[in-house]
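So the structure is just underneath, and the comments pick up after that.
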Amino acid sequence: MTQARTAMIIGSGIAGSVAALALHRAGIEPTVFEAYDRPSDDVGGELMLAPNGIDALGIVGVEDDVHRLGSPIRRTVMTDGRGRPFGDFEHLPDLPPSRAVKRADLQRLLRERTEAAGVRIVYGRRLVGATDSPDSITANFADGSSATADVLIGADGIRSAVRRLIDPGAPTAQYTGMLGLGGAVEVPSVGEPGVMHLANGHDAFFGHWIGSDGRVNWFSNITSDEPMAMSEARRVPADRWLNRLRRVHAEDVPAREVLDRAGPQDVFPFGAIEILPPLRTWYRGRMVLVGDAAHAPSPVSGQGASLASESAVQLARCLRDVPGVQAAFATYEMMRRPRVEKIAADAARANQAKAPGPVAYALMRLLAPVARHTVLKPERMFGPVHRHRIDWNRTVTPA
């Protein structure tokens, strides 16, 4: 029934960095092991941090910095491919606005804060195995090195190696049938600061907003029978992606205007959009999962980074307060699973409407006036998710 005093974190992404900071605050000594041989401060596009995620990041001391990053999103406008609105609503006025943040900026901020806290980050360590003992766990890495701690935390993303060690039969990433692309371009007549525009086109989904530099940040989700990893998608010449985007959005407003202004240098492919089906368990022995390794909702949720940050903080609280590693892990999973699985299920349903096809497109237009006065009300859409708060000082009761 001993408490954990040391922790190995596999993965130095958002979940791993927040976990390291939260564990350090909880009095547990973390060490982060990263498979790549250098920081990944230049990878990825933009992501959304919702009020609940910003609150979780405040617990590890970076809320003020997050507010200085990116662009506040105070309003969302939903349109069809012709630019006709069927949803237009302000976000909850008593909460701070969500923020569109460059993943690279957030990752760099968290890494710098982790290093400043004295947490060691070891690069070039790819996990290949782990061995439990009664009072510790040893991680084995591809270079032949090893390390030992009281617990091992898998923050290694949607293709988690730790998840396979916990449950070799666990589900793997599930392709949604869409590829993601994005970029930023100068388009003076499109959009206004603080507004997120989301458009259901006939053949693809398009979103855009004004970034902190005044340019239009945009993303597109296009259907594809074959999934492509980001590395594979980036090997395709950018002008081919741009031509394809212009074809699928040829009749869509304002996607057509934005893409006409873009050049190949303004297109960044993110690859396959994937989600993670619910897992049978998040832990085994002295190993546990956090972030996308445990729960990876569709990007349409706008909650990936926020939920990862919440889970990292809650795991640290459980290891701080609950006697015994197994009891701490069980309590953590019980606290988090219902929330993240509901958000993921809601997002999966919304994902199906991104490229609906002619019949569903017409039905969506028909039902839009009803939806605007029922399901599209801000409190109903955002309240239960965005109002979630973590009381760091409250002692966790064991499950």
Side-chain angles (χ1 to χ4, degrees), residues 8-25 30-73 96-126 153-158 180 182-184 209-215 217 219 230-231 234 265-266 268-271 290-293 296 299 302-313 316:
M8 295 180 290
I9 300 172
I10 308 301
S12 66
I14 292 171
S17 297
V18 176
L21 290 167
L23 288 167
H24 180 268
R25 183 176 177 186
T31 303
V32 180
F33 294 92
E34 170 56 52
Y36 294 104
D37 58 5
R38 62 181 180 84
S40 56
D41 292 352
D42 58 348
V43 175
E46 298 224 358
L47 56 82
M48 186 71 71
L49 283 174
N52 53 296
I54 295 172
D55 175 75
L57 290 169
I59 291 172
V60 297
V62 298
E63 181 176 3
D64 291 342
D65 298 277
V66 166
H67 282 301
R68 288 192 290 270
L69 294 176
S71 310
I73 304 298
S98 298
R99 300 194 81 85
V101 177
K102 286 184 172 61
R103 179 179 290 276
D105 290 344
L106 179 60
Q107 183 63 59
R108 187 179 305 109
L109 167 65
L110 291 171
R111 176 180 57 80
E112 290 171 351
R113 287 301 183 89
T114 301
E115 293 173 338
V119 175
R120 192 163 64 104
I121 306 176
V122 185
Y123 294 98
R125 296 291 191 274
R126 185 174 297 278
I153 298 170
D156 49 345
I158 198 167
W209 68 96
I210 305 297
S212 56
D213 59 0
R215 298 200 300 167
N217 289 293
F219 69 88
M230 182 190 294
S231 57
R234 293 182 73 174
Q265 73 281 359
D266 301 316
F268 187 95
F270 305 123
V290 72
D292 283 356
Q303 282 287 316
S306 295
L307 292 180
S309 300
E310 285 181 9
S311 290
V313 170

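Here the OG1 atom belonging to T31 is positioned 10.5 Å from the CG atom belonging to L23, to the nearest 0.5 angstrom. One finds the CZ atom of R113 at 14.0 Å from the CZ atom of R108 (value rounded to the nearest 0.5 Å). Atoms CH2 and CD1, from W209 and I73 in turn, are 7.0 Å apart once rounded to the nearest 0.5 Å. If you take OH on Y36 and CZ on R126, they are separated by 6.0 Å, rounding to the nearest 0.5 Å. The structure places OG of S71 at 7.5 Å from CG of D213, a figure rounded to the nearest 0.5 Å. The line from CZ of R103 to CG of D105 is 12.0 Å long, rounded to the nearest 0.5 Å.
In this structure, the side chains of P72 and S98 stay at 4.5 Å or more apart for every pair of heavy atoms. Counting heavy atoms from C-beta outward, L106 and L49 have side chains that approach closer than 4.5 Å. Using a 4.5 Å heavy-atom cutoff, the side chains of Q303 and N52 are in contact. At least one side-chain heavy atom of L110 sits under 4.5 Å from a side-chain heavy atom of I14.
Annotation for A15 and G291: closest pair CB-CA, 3.9 Å, computed over non-hydrogen atoms. G70 and S212 get closest at one heavy-atom pair: O-CB, 3.8 Å. Residues A22 and A312 share a closest heavy-atom pair of CB-O, 4.1 Å. The shortest heavy-atom contact between P30 and I9 is CB-CD1, 4.0 Å. Closest approach of A308 and V290 over heavy atoms only: O-CG2, 4.5 Å. Across V18 and V60, no two heavy atoms sit closer than the pair O-CG1, 4.0 Å.
Remark: the backbone N or O of L57 is not paired with any side-chain donor or acceptor of S309 at under 3.5 angstrom. Between the side chain of S17 and the main chain of S12, a donor-acceptor pair closer than 3.5 Å is present. With E34 contributing its side chain and V122 its backbone, the two residues share no donor-acceptor pair below 3.5 Å. Remark: side-chain polar atoms of H24 are paired, donor with acceptor, to backbone N or O of A117 under 3.5 angstrom. R99 places a side-chain N or O within 3.5 Å of a backbone atom of H67 that can act as its donor or acceptor partner.
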Given the rule in the side-chain contact (heavy atoms from CB on, under 4.5 Å) test, do F270 and R234 qualify, once you have shown the distances and angles that lead to the verdict?
CA-CA 8 Å; F270 305 123; R234 293 182 73 174; over 6 Å; no
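In this structure, R25 places its CZ atom where more than 12 heavy-atom neighbours from other residues, nucleotides or ligands lie under 6.0 Å away. Around OH of Y123, the count of heavy atoms belonging to other residues, nucleotides or ligands within 6.0 Å exceeds 12.
The pair E115-R111 counts as a salt bridge, with a side-chain nitrogen and a carboxylate oxygen less than 4.0 angstrom apart.
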